[in-house]
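Here the structure comes first, spelled out in structure tokens, and everything after it is commentary.
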Amino acid sequence: MSDGPLIVQSDKTLLLEVDHADAAECRKAIAPFAELERAPEHVHTYRVTPLALWNARAAGHDAEQVVDSLIQYSRYPVPHALLVDIAETMARYGRLRLEKHPVHGLVLVSSDRAVLEEVLRSKKVQPMIGERVDADTATVHPSERGTLKQALLKLGWPAEDLAGYVDGEAHPITLAEEGWALRPYQKEAAEAFWHGGSGVVVLPCGAGKTIVGAAAMAHASATTLILVTNTVSAHQWKQELLRRTSLTEDEIGEYTGTKKEIRPVTIATYQVMTTRRQGAYRHLELFDARDWGLVLYDEVHLLPAPIFRMTADLQARRRLGLTATLVREDGREGDVFSLIGPKRYDAPWKEMENQGWIAPADCVEVRVTLRDDERLAYATAEAEDRYRLCATTPAKTRVVESLVRKHAGEQILVIGQYLDQLDELGEHLGAPVIKGETRVKERERLFDAFRSGEINVLVVSKVANFSIDLPEAAVAIQVSGTFGSRQEEAQRLGRVLRPKTDGRGARFYSLVSRDTVDQEFAAHRQRFLAEQGYAYQIIDAHDLA
DNA sequence: ATGGGTCCAA
DNA sequence: ACGAATGGACCCAT
């Protein structure tokens with residue numbers, strides 16, 4: 001205890017000494033209940049948040065385990081007030097429960113009368129509550145099940161939802177038996193979801209989230225509605241389900257702009273759900289079309305606001321959310337928690353790496369210095385132009401060139417967000433550029449050439465964030481990114497994480513202009529991956545060999 | 001019917 | 001706070 005890697009402070013921050021021998025072990029221990037806030041070179045700052053504590057609670061951790069972890073790794077005596085606070089916060093989850101009453105239907109039950117009285121007095125909660133059954137029980141209109149959970153979470157008293165689910169229309173689904181097997185973590189994830197009832201499974205890019213979905217469908221053996229972000233993803237779900245389950249072509253429908261098939265398993269885009277046709281919402285048509293036994297949300301970190309609203313009305317159906325990064329930049333993690341459900345499973349990226357499911361990766365932040373004239377232009381630029389100015393400095397082009405030379409012979413992706421910059425890079429490198437306007441046919445041709453090694457360098461725009469059809473590479477060079485998007489960074493690193501046949505590691509370079517907002521945004525982007533144990537080595541562009 | 005193109009919302 | 005990609009609607013040519 002006297003020389004642990006962690007400093008625990010009463011303001012709920014945890015300081016982790018990165019170079020300490022026990023740092024990795026400690027990171028793993030605190031990850032379930034703390035979120036990484038800052039990650040400079042030597043000391044990382046984590047914060048113990050209520051939501052993280054409640055997720056830990058829902059996953060079966062108790063306050064004692066959390067407290068033990070803190071005490072075990074702490075360098076100094078742990079502030080008592082913090083321990084008390086952690087125990088109290090965790091105990092808040094489950095003090096209120098939603099249950100099914102044999103006579104009164106959906107009820108809110110409390111094991112602490114004062115808490116019930118407190119929340120019933122809230123203006124937000126009051127209209128959702130029906131009559132009082134007894135001192136500890138109040139009825140709730142079934143249609144308010146979701147919105148009530150949202151409101152209670154905001155009040156700091158998240159309800160545990162034990163009201164159960166409708167079975168939905170049964171439909172036989174089994175996993176295909178030939179030629180493959182569920183990986184252990186995929187099986188665990190599907191089971192953790194099934195026993196939890198509904199909630200979110202978090203797995204790194206390329207870890208087979210679709211397969212976890214398929215396994216969950218096999219558990220449910222019921223009609224399933226799958227919601228996805230784009231049509232490419234819809235096709236891939238269909239292909240994967242055909243390959244991995246007993247489902248056949250005519251049991252799987254696509255419900256998109258062009259096709260309107262409703263089948264026992266239906267894959268719909270988020271967008272088609274939110275558009276109106278002659279004043280009527282499409283989603284009503286879709287939700288009422290079948291008695292769905294399971295609703296599956298792909299890329300739950302991208303759920304648009306209208307889908308949250310609809311999901312509030314779907315609380316009697318089992319819901320599974322899938323994502324690589326539960327963090328959202330819009331702060332709606334609480335809505336994911338209350339409307340989809342708590343985190344049921346996550347596999348830390350580094351553990352997956354240790355087990356060989358994803359390739360080991362070195363992350364390198366390369367700092368470039370602006371020329372004097374650029375610095376002056378930057379200093380005098382309007383606030384809204386500044387990021388673009390520093391993110392697209394010509395100095396980066398030269399660095400990309402030398403990195404490409406250094407990795408000659410390897411498959412390299414250059415990823416950025418400004419089309420001008422990417423076009424220029426493509427020209428300098430003599431490499432094709434893939435952007436939004438690139439036709440699907442052309443994309444496929446280039447992807448094939450890249451896969452076969454005919455092309456070694458590919459420059460890609462934000463299409464890399466969406467189209468999961470992008471081929472895997474060994475080296476990724478990021479030249480600019482969306483302000484501070486953590487999930488984008490994770491997605492881009494994911495591009496190089498497919499295990500290499502020769503067992504070699506992958507490289508991820510992030511090019512950053514020194515002493516500018518580019519540097520700030522880069523630091524923010526890196527946080528999620530730092531939380532997963534990826535350390536960015538910082539080097540100066542001049543020191544590139 | 002089907003494939004392609006343009007425009008627009010969020 | 002921004003630029004870019006997207007899906008979907010609609011239109012036109014086969």
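Keep in mind the model is a prediction, meaning the values are calculated, not measured.
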For dG8(C), does OP1 or OP2 lie under 4.0 Å from any side-chain N or O of Thr269(A)?
yes
Which part of the nucleic acid, if any, lies within reach of Tyr418(A) when heavy atoms closer than 4.0 Å are counted: base, sugar-phosphate only, or nothing?
sugar-phosphate
Rounded to whole Å, please give me the gap between OH in Tyr270(A) and P in dG8(C).
13 Å
In terms of heavy-atom contacts, does CD of Glu37(A) have more than 12 from other residues, nucleotides or ligands at under 6.0 Å?
yes
Name the one of Glu489(A), Glu365(A), Arg486(A) that satisfies side chain to side chain donor-acceptor pair (under 3.5 Å) with Gln526(A)?
Glu365(A)
Let me confirm one number: the SG-CD distance from Cys390(A) to Glu374(A), rounded to the nearest 0.5 Å.
10.0 Å
Row check, Tyr297(A) ring normal vs Arg319(A) NZ/CZ: under 6.0 Å, within 45°:
no
Flag the pair His301(A) / Phe528(A) as yes when their ring centroid distance falls below 6.0 Å, and as no otherwise.
no
Expected output is a numbered-order residue list: members of residues 380-394 of chain A with a heavy atom under 4.0 Å from any atom of DNA chain C. What is it?
Glu384(A), Arg388(A)
Is it true that atom CZ of Arg38(A) has more than 12 heavy atoms of other residues, nucleotides or ligands lying nearer than 6.0 Å?
no
Nearest atoms (heavy-atom pairs only) where Arg263(A) meets Asp250(A)
CD-O, 3.2 Å
Against the side chain of Arg443(A), the closest entry in dA5(C), dG5(B), dT6(C) is dT6(C)
With respect to the side chain of Phe466(A), which nucleotide from dG8(C), dA4(C), dA5(C) is positioned closest?
dA5(C)
Please give, in whole Å, the distance from dA10(B) P to Phe308(A) CZ?
18 Å
Rounded off to whole Å, could you give me the CG-to-C1' distance for the Asp423(A) and dG3(C) pair?
14 Å
Separation of dG4(B) C1' from Glu442(A) CD (nearest whole Å):
16 Å
Does Thr256(A) reach a base, just sugar-phosphate, or nothing at all? Heavy atoms under 4.0 Å.
sugar-phosphate
Using a 4.0 Å heavy-atom cut-off across all strands, classify Gln271(A) as base, sugar-phosphate, or nothing.
base
Does a donor on one side chain and an acceptor on the other come within less than 3.5 Å for Thr369(A) and Arg514(A)?
yes
Near-strand residues of residues 520-531 of chain A, defined as heavy-atom separation under 4.0 angstrom from DNA chain C:
none
Parallel, tilted or perpendicular, as decided by the 30° and 60° cut-offs, for the rings of Trp349(A) and Tyr534(A)
perpendicular
Any chance you could encode DNA chain C as dot-bracket? Rule is Watson-Crick or G-U wobble with both distances under 3.5 Å; [ ] for pairs crossing earlier ones, | for another strand.
.....|||||||||
Measuring from the side chain of Lys462(A) (C-beta onward, heavy atoms only), which nucleotide among dC2(C), dA4(C), dG7(C) has the closest atom?
dA4(C)
For Asn456(A) and Glu410(A), does a side-chain donor sit closer than 3.5 Å to a side-chain acceptor?
no
Counting heavy atoms from C-beta on, name the nucleotide in dG5(B), dG8(C), dA5(C) closest to the side chain of Ser461(A).
dA5(C)
Separation of dA4(C) P from Ile434(A) CD1 (nearest whole Å)
17 Å
Interatomic distance where CD belongs to Glu329(A) and C1' belongs to dG3(C) [whole Å]
17 Å
If you take the centroid of each ring, where Trp contributes its six-membered ring, are Phe483(A) and Tyr387(A) closer together than 6.0 Å?
yes
Distance in angstrom units between Lys259(A) NZ and dG7(C) P, rounded
14 Å
Side chain of Lys260(A) - closest among dG7(C), dA9(C), dA5(C):
dA9(C)
Donor-acceptor pair between Thr516(A) and Asp518(A) side chains, under 3.5 angstrom:
no
Rounded distance (Å) that lies between atom P of dG8(C) and atom OH of Tyr255(A)
10 Å
